[in-house]
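Working notes, beginning with the structure itself.
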Amino acid sequence: MSHKIIGNALPNIPWEDRPGDCQDVVWRYSANPILGWNPIPKAARIYNSAVVPFGDAFAGVFRADQKNGRATLFSGASKDALNWNFDPDPIQWVDEAGNPDSTSYAYDPRLLKIDGIYYINWCDDMNGPSIGMGTTRDFKTFTRLSNPLMPYNRNGVLFPRKVNGKYLLLSRPSDTGHTPFGDIFISESPDLVHWGRHKHVMSKGGQGWWQGTKIGSGPVPIETTAGWLMFYHGVVGTRNGFVYSFGAVILDINDPSKVLFRTRDYLLTPEKSYETIGFVPNVAFPCANLYDAETGRIAIYYGAADTYTAVAFTEVDELIDYIKTNSEVF
Ligand code: BMA
């Protein structure tokens, strides 16, 4: 293996070998989707969600659209990261003093662990879409911190460790609606409260029409020997509306505002019926990844058609070689 993940082993990562008749560098789980319509009494659809290893099992923060149509976050637990049990009620936030707090809506969570604390970012309501930030240690008590960025913004993704002594946050400034534009920016903070030194990372478009309307960060970046590996979604506008696919980018390990390589072609685009038919057709939206540094295996969790939760697999060495040889030309 020439490219390796820098991180922990995860021998119980969900995994399935690439089917013999598949040539793709990213392939779907054969039992997709892992969550279908009305998965729990209080949710019509659970998708665009985030999972992490937790003890010797897994935990997650899930986007659950309730039957009034409102997006909320639920916590869940799983032994195998494929079969999930959810709390029956949405996450009840407390503020930093321990008093009840709330969000009017919350969607597209990202989840990661830094120094023993699990951090959650999501699209929050601060007089319009903004980046929410919260913590938990046990997936029972959830503490809401102050919002790191001014509205309007979606797709806030923290890096899993400090870089040059600073926390880093990727985000995608937007408008209040179904934003017809969008590039990825990065901000830094000494303390997760004060954010600044904002820099542009990458723009929509390039050589791929699939990412011609807007792009946004996906799951938490994975540290590798080639740089930070991050999946991101790319959107194209069609006569029938937006189509969401995903690709990947490699960012410089010491200065992640620098793009080293970026997929020219999508890695996965809506093709299967659970991706092309649903509440919002033609959406594949990655929000989480699990990885095993020992084998290089990566499991990608993506929302499908704003209805289902699905999983895809890839292997780090082959994926990085693929990205390097099928890259945007800058
Ligand atoms: C985006 C977000 C995502 C959603 C996507 C497609 O703006 O709202 O949650 O998956 O649109 O509808």
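Residues: numbered from 1 along the sequence shown. Keep in mind that the numbers below use all heavy atoms, side chains included, and drop hydrogens, waters and symmetry copies. Counting convention: from 1, in listed order, for ligands and their atoms alike.
Not a single donor-acceptor pair under 3.5 Å links the side chain of T276 to the backbone N or O of P281.
In this structure, the protein non-hydrogen atom closest to atom 2 (C) of ligand 1 is D108 OD2, 3.6 Å. Among all non-hydrogen protein atoms, the one lying nearest atom 12 (O) of ligand 1 is D306 OD2, 2.6 Å.
V311 forms part of a hydrophobic cluster together with L10, I13, W15, W27, Y29, I34, L35, I40, I46, V51, F58, F62, F74, L82, W84, F86, L290, Y301, F313, judged by ILVMFWY side-chain heavy-atom separations under 4.5 Å.
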Q: Apply side chain to side chain contact (heavy atoms under 4.5 Å, CB included) to the pair Q211 and K204, showing each step before the final yes or no.
A: CA-CA 6 Å; Q211 49 183 334; K204 67 180 181 176; 6.0 Å; no
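For the pair Y107 and ligand 1, the shortest N or O to N or O distance does not fall below 3.5 Å. Backbone and side-chain nitrogen or oxygen atoms of Y244 are examined, and one is located within less than 3.5 angstrom of a nitrogen or oxygen of ligand 1.
Residue contact check: V280 has heavy atoms under 4.0 Å from atoms 12 (O) of ligand 1.
Distance check: R137 CZ to T143 OG1 gives 9.0 Å after rounding to the nearest 0.5 Å.
In this structure, R63 counts as a contact residue of ligand 1, since one of its heavy atoms falls inside 4.0 Å of the ligand.
F285 and Y244 have tilted rings, their planes meeting at an angle from 30° to 60° on a 0 to 90° scale.
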